Amino acid sequence: MKQKPFNVEDIRKSFPNLKVGVHEKPLVYLDNAATTFKPQSVINAVANHYKSGTSNVHRGVHTLSQQATAAFEDARNKVQGLLHARKPCEIIFTKGTTEGINLVASSYGQAFLRKGDEIVISEMEHHSNIVPWQMLCAAKGCILKIAPFNDQGELIREEFQKLLTPKTKLVSIVYISNSLGTINPIKEIIADAHKQGAIVLVDGAQTVGHLAVNVQDLDCDFLAFSGHKIFGPTGVGVLYGKESLLDQMPPYQGGGDMIASVTFEKTTYNVLPYKFEAGTPDVAGVIGMGAAVDYLQSIGLKNIERYEQELLNYGTKALNAISGLRLIGTAKNKTSILSFVLPDIHPHDVGTLLDEEGIAIRTGHHCTQPVMKHFNIPATSRASFAFYNTSAEIDQLAQAILKVKDVFR
Ligand code: C6P
């Protein structure tokens, strides 16, 4: 796909939501790790499906159904291209990252994990990559092991390696932490785990759409992400899985579309990827996610990565200049997420006062309570950038934080 030169002002014009005002101030949206705004092309793709293309997929011989099926499968090809997967059948459409991880825990876990087997995750996981494994361990008698991170928020590789034994059957690790911004050395982690014969699931929720991802180069066995964090619709996502593994796994849910034949005596299952896509999918959402992939490709992941690193460097300097402000997550290899605390000011107060200035950030534990426990804090304020943010917006953020400090002085 042809890429235009990177121009943030042009890019901003594609996002209608950037134009809204909050408290009669222009909106500064810095909550992109929670969800991203949608370019007009994504909004059009979803609206056009409902305006003139509404139909179910894989079920009809009529024209609209054929067209919807073609657009739906085209979105699968686009995601395959984005992730550099070997085949489209390795792309399973889900509701999002959470469902992708639950699918693996439930299907792979139930079929292949046994009592005493070990699962390794890290201390910086989102709850979506903790709770499904705890549930599996409770059901099957497996053991969950936790790889720690240091006070910069970097995974301690030697400690992780020490946890890997021949009993380790599965490793599930976040690529980029949503509360620290740390970029984990995921390729090395995957290689470590494979040496012990463990399979690896990568939580790519904060990665896809920010870094170029090549699942063949990483050699991950599974990777999950959400459409709404890659400038696509909410309610859709992707689980990538190696064909050889997906083929061996039992279905996650039963219902329409995932079967080859059904009798009361015996049901046989559909081929990949449909075996894992029971019921009517979010057709418009998947088509919208395909449009989001097109949009990302038109800007170029390398350009996005470079620009977001510039924003991170600028933002880190700006926030470090505020006396008393402490950044939580100072890894050498980081992406554009800045979590911080201010002495004696609760993050919820920071969030509320920034909102009055038109600045949207997230405050709380960010669904990573163990990360908060590590730093012995209840919550952080988190500014998270996307490629449509600007250094001027970061200046506004810094000014507004100074104002918050004045209010509490
Ligand atoms: N993090 C945040 O504000 P879902 O909800 O399924 O789209 O994504 C879950 C998820 C899993 N892993 C990571 C690393 C994530 O960041 C998230 C979602 C949002 O940070 C909402 S809690």
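A quick note: this is a predicted structure, and the numbers were derived from the prediction, not measured. As the structure lists them, so they are numbered: ligands from 1, and atoms in each ligand from 1. Just so you know, these numbers use all the heavy atoms, side chains as well, and skip hydrogens, waters and symmetry mates.
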Practice prompt. Would you kindly specify which portion of Thr97 sits under 4.0 Å from ligand 1, judged on non-hydrogen atoms: side chain, backbone, both or neither?
Written response: both
Discussion item. Distance under 4.0 Å to a non-hydrogen atom of Lys229: what atoms of ligand 1 satisfy this?
Written reply: 1 (N), 2 (C), 8 (O), 17 (C), 18 (C), 19 (C), 21 (C)
Worksheet item: So which bit of Thr98 gets within less than 4.0 Å of ligand 1, heavy atoms only: side chain, backbone, both or neither?
Response: both
Practice prompt. State plainly whether the residues Arg382 and Asp31 are in salt-bridge range, i.e. N to O under 4.0 Å.
Written response: yes
Worksheet, complete the sentence: Quick note on ligand 1: atoms under 4.0 Å from a heavy atom of Asn178 include exactly 1 (N), 2 (C), 16 (O), 20 (O)
Worksheet item: Hey, is ligand 1 close enough to Arg362 that some N/O pair sits below 3.5 Å?
Response: yes
Practice prompt. On the 0 to 90° scale, with breaks at 30° and 60°, tag the Tyr388-Phe37 ring pair as parallel, tilted or perpendicular.
Written response: parallel
Worksheet item: Where do Phe231 and Phe387 land on the side chain to side chain contact (heavy atoms under 4.5 Å, CB included) test, with the steps shown first?
Response: CA-CA 11 Å; Phe231 313 90; Phe387 53 78; 3.2 Å; yes
Worksheet entry | Mode of Ala34 contact toward ligand 1 - side chain, backbone, both, neither (heavy atoms, under 4.0 Å) | both
Discussion item. Strictly below 4.0 Å, N to O, side chains only: are Glu243 and Lys87 in salt-bridge contact?
Written reply: yes
Worksheet, complete the sentence: At under 4.0 Å between heavy atoms, what of Glu99 touches ligand 1? The answer is neither
Worksheet item: In ligand 1, which numbered atoms sit nearer than 4.0 Å to a non-hydrogen atom of Val174?
Response: 14 (C)
Worksheet, complete the sentence: Checking heavy-atom distances from atom 7 (O) of ligand 1 to each of Gly235, Ser128, Ser226, Gly364, the winner is Ser226
Worksheet entry | Contact atoms of ligand 1, heavy-atom distance to His228 under 4.0 Å | 7 (O)
